[in-house]
Amino acid sequence: MNSESRARVEAWLQYFNDLNISSFYLDRFSAPTAPENIPPGEPRPKPDTIFAVKTPAKDFNSLAQAAPLAAALPVVKSASLFESSNRIENDTLERIREDIGDCKRCKLCEQRTNIVFGSGSGKAELVFIGEGPGHDEDVQGLPFVGRAGKLLTQMIEAMGLRRDEVYICNVVKCRPPQNRAPEPDEVETCSPFLFRQLAVIHPKAIVCLGATAFQSLMASKLSISRLRGQWLDFRGTPMLATYHPAYLLRNPNAKGEVWDDLKKVMAHLGLKPPARR
Ligand code: URA
């Protein structure tokens, strides 16, 4: 291996080490034959299959049972090493936060004030996932504390829950400049930490707020308006997408649809709406 390739492999290993992934396996079925065993004149395989991982069809196939439309979701073409690895043993939210450190893994670090890790109960039965921190969240280091956050709090309370009983986080942990949507490389870099958070909390249900959260978890570009309010499957956990509270601030007429979605979540969790005062 030349020094440039070596440096690239080392950088990748450091990245996975930061994610607490240390076990790698060699795909025996697609691994190249050892070069010394290839007869002279035979073509040599490309030496890139050491990290080849088979598609984890099981998780994503179960989507088809969850909702007919979900069958249209594309199967993820090649799983990342993170997805192929089993749950990290003894992982904790504290350890994930430590691994994130003073993150400089993507360009969002350049303008952020605070990393917004997530807040709420580590034992929550319900997790809400938004897109990324806005201005108020960036300043305070907490998710959903601005105007959209106040509406989210009202939605949670309407379900008969307190904010500190659920867990709230985002697809990316640093504020995208001008509140733009996170870019694919930013989502790809940050989402392994979100997936670890979800594995640790192991909620009974996940609610994706808006298209970015839904599309990131499902690895799909399908529109949220088509799949909103349907139960899907995220690695064995029931997941439902609804509109983002910021969208509701601009389109209050959609509040009824969101409330219908939240009622499905309440039924799943065995919650009754609080009596009206
Ligand atoms: N919007 C989001 O998606 N997340 C936040 O934390 C705040 C606003």
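Just follow the structure's listing: the first ligand is 1, and inside any ligand the first atom is 1. These values consider heavy atoms only, across backbone and side chains, with no hydrogens, waters or symmetry-generated copies.
For the atom pair Phe144 CZ and His244 NE2, the distance stands at 3.5 Å (nearest 0.5 Å).
Interface atoms of ligand 1 facing His244, defined by a heavy-atom separation under 4.0 Å, are 1 (N), 2 (C), 3 (O). In summary, the atoms of ligand 1 found under 4.0 Å from a heavy atom of Glu131, numbered by their order in the structure, are 2 (C), 3 (O). Residue contact check: Gly130 has heavy atoms under 4.0 Å from atoms 3 (O) of ligand 1.
Using a 4.0 Å cut-off between a side-chain N of Lys or Arg and a carboxylate O of Asp or Glu, Arg105 and Asp185 do not qualify as a salt bridge.
In this structure, Ile96 and Phe117 have side chains that are in contact, with non-hydrogen atoms separated by less than 4.5 Å.
Contacts of Lys123 classified as salt bridge (charged side-chain N to carboxylate O under 4.0 Å, His left out), with partners at least two apart in sequence or in another chain: none.
Residue Ala246 places no heavy atom under 4.0 Å from ligand 1.
Counting only heavy atoms of the protein, atom 2 (C) of ligand 1 lies nearest to Gly132 O, 3.1 Å. For atom 4 (N) of ligand 1, the nearest protein heavy atom (residue, atom name, distance) is Asn170 OD1, 2.8 Å.
For the pair Phe144 and ligand 1, the shortest N or O to N or O distance falls below 3.5 Å.
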Q. Yes or no on salt bridge (charged side-chain N to carboxylate O under 4.0 Å, His left out) for Glu186 and Lys107, after CA distance, side-chain angles and deciding distance?
A. CA-CA 8 Å; Glu186 297 156 358; Lys107 56 190 177 304; 2.9 Å; yes
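Within 6.0 Å of the NZ atom in Lys272, the count of heavy atoms belonging to other residues, nucleotides or ligands does not exceed 12.
Contact annotation for Glu137 and ligand 1: only side-chain heavy atoms (C-beta onward) come within less than 4.0 Å of the ligand.
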